[in-house]
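Take a look at the structure set out below.
Along the sequence shown, the residues carry numbers beginning at 1.
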Amino acid sequence: MADPRGFLEVSKKEAGYRPATERVHDWEDVYEHAANPVKVLDEVAEQARRCMDCGIPFCHSGSAGCPLGNLIPEWNDLVRRGRWDAASSRLHATNNFPEFTGMVCPAPCEAACVLSISDRTTGGSVTIKRIEKTIAHESWAEGIIGPEPPAAKTGKSVAVVGSGPGGLAAAQQLTRAGHDVTVYEKDDRLGGLLRYGIPEYKLQKSDIDRRIAQMRAEGTEFVTGCDVGTTLTVADLRARHDAVVLAIGAMAARDNPVPGRDLNGVHLAMEHLVPANRECEGDGPSPITAKGKHVVIIGGGDTGADCLGTAHRQGAASVVQLDYNPELPIDRDDDRSPWPTWPLVMRSSSAHDEGGQRKYQVAVQRFVGDADGNVTTLVLAEVQVVREPDGRRVITPVGAEFEIPCELALFAIGFEGVQRGPLLTDLALEPNRRGALSCGSDWQTDAPGVFVCGDAHRGASLVVWAIAEGRSAARAVDEFLMGSSDLPSPVRPAALPLSVR
């Protein structure tokens, strides 16, 4: 059983970051390197003692905590007892890629932890994310993880279009069920946004390569540089396979056509992040660099923080991040976001600790450039955000305009859904009003035998939700092909995280 006094006797301790003055000069993992790995494992085991194995563990409730249904109290207790092999088995029973979620997931499980009811009284949530990441890394280090090829083949063939976390999860589940699975990726390397959207310092791409090698050994086939609908026609794709899973992401970026948007130096976030990641892969210098420039990032979310950390490492002269929302409080407001909902609090990533400035309740009015068409100045205004009864947000200037220097501007204001093109046209699929692809309760789109999962279905969301949807869609495909399925299905297509309006 769990240690009922663990949280009273052990203080919460997160993994430490490397010094900011050191890490901004390289692209290595931001977390401190373990001088004594055994000591780190002992410390993590102590942290696992804080888990009480609650009677109702909200941490792995799909509506409030983890949509994968990770068996968090079980593997916490196994870690507490030093049973790393068993902990790995329980973790991988629900999560194909815990090293991905352990690095980049914002951990809704921790927000829903019972110890988060009153951080001041309990000392805060269990360090679930840290424990998960440590289990995954220890599993690789000790050779616990290996290929799991199917015991028998079904003779059925499945195409997965897209190699992000949702597509990879669906592919691995279907391969292990005995189907012949081919993953088609339009980029030259596998991983989707994990590869080219998330900076190297935040997710080491060697972690992706290691999982891809495992999947190849299990029998999954991969085709890169294949833009389905163009390089490979939809007719050919459907002729080759008995079912298709669309895991194409939600890569249509939101833009803001303010005056001066067409000046040199004004870009969408992905136009900055993708070439920076390619440079880390050895493809040569990025054509869009922050080196020596005054950088302004428009958008206060995770993508903006990724641009911030990237700008630091490229040697920006200064970085300002803008957010039209008010600055959030440090502590949870029980009226606005009561436990176990996701708390509306101020969050700082490792990139924010490295420098830069944040401005709140401001919005871009226009860009000003020089005679050569290069952006030099950004004109801002203080604003007020009002939510209309229909849910729309109206942003209204309420103060005088002012200027800040700007030689590189990056729009990180979200995504509008799937990118339209021949693939969707030839499948006769039209995005819904959210820009996503709708499906029935069986994850099947209006095109028979074509399923959807991840951001393509949900809209831009979390890695953990993409994996959960990939696993659930795999179950639906297996049932479609075989009449029944033993694969797990952690979420329904209409599932939403618990929230308060």
**Message:** List the residues meeting side chain to side chain donor-acceptor pair (under 3.5 Å) with Arg313, not counting sequence neighbours, and say none if there are none.
**Reply:**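 Checked Arg313 against side chain to side chain donor-acceptor pair (under 3.5 Å); matches are Glu354.
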**Request:** Under the side chain to side chain donor-acceptor pair (under 3.5 Å) rule, collect the residues that match up with Asn256, sequence neighbours excluded.
**Result:** none
**Counterpart residues, salt bridge (Lys or Arg N to Asp or Glu O under 4.0 Å), relative to Asp209 (two or more places apart)** =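 Expected list: Arg195.
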**Asked** With sequence neighbours excluded, what pairs up with Glu403 under the salt bridge (Lys or Arg N to Asp or Glu O under 4.0 Å) test?
**Response**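 Glu403 satisfies salt bridge (Lys or Arg N to Asp or Glu O under 4.0 Å) with no other residue.
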Who passes side chain to side chain contact (heavy atoms under 4.5 Å, CB included) against [X], sequence neighbours left out?
{"X": "Asn432", "answer": "Arg434, Ala436, Ser438"}
{"X": "Ser349", "answer": "Ala305, Ala351, His352"}
{"X": "His25", "answer": "none"}
{"X": "Val44", "answer": "Val40, Val79, Trp84, Arg130, Ile131, Thr134"}

Please set out all donor-acceptor pairs under 3.5 angstrom arising from side-chain atoms of residues 219-227, sequence neighbours excluded.
residue	atom	partner	partner atom	Å
Thr220	OG1	Thr175	OG1	2.6

**Request:** Would you mind listing every salt bridge (charged side-chain N to carboxylate O under 4.0 Å, His left out) that reaches into residues 255-264, with sequence neighbours excluded?
**Result:**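 Residue pairs with at least one partner in residues 255-264: Asp255-Arg261.
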**Asked** Hey, does Ile395 have a side-chain heavy atom less than 4.5 Å from the side chain of Gln361?
**Response** no
Less than 3.5 Å apart, which donor and acceptor atoms pair up between the side chains of residues 289-301 and the rest of the protein, not counting sequence neighbours?
residue	atom	partner	partner atom	Å
Thr289	OG1	Lys291	N	3.2
Lys293	NZ	Thr289	O	3.2
His294	ND1	Ser318	OG	2.7

**Request:** Could you list all the side-chain hydrogen bond (donor to acceptor under 3.5 Å, both in side chains) pairs where at least one residue sits in residues 458-469, not counting sequence neighbours?
**Result:**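 Of all non-adjacent pairs touching residues 458-469, those that pass side-chain hydrogen bond (donor to acceptor under 3.5 Å, both in side chains) are His457-Glu469, Arg458-Glu469.
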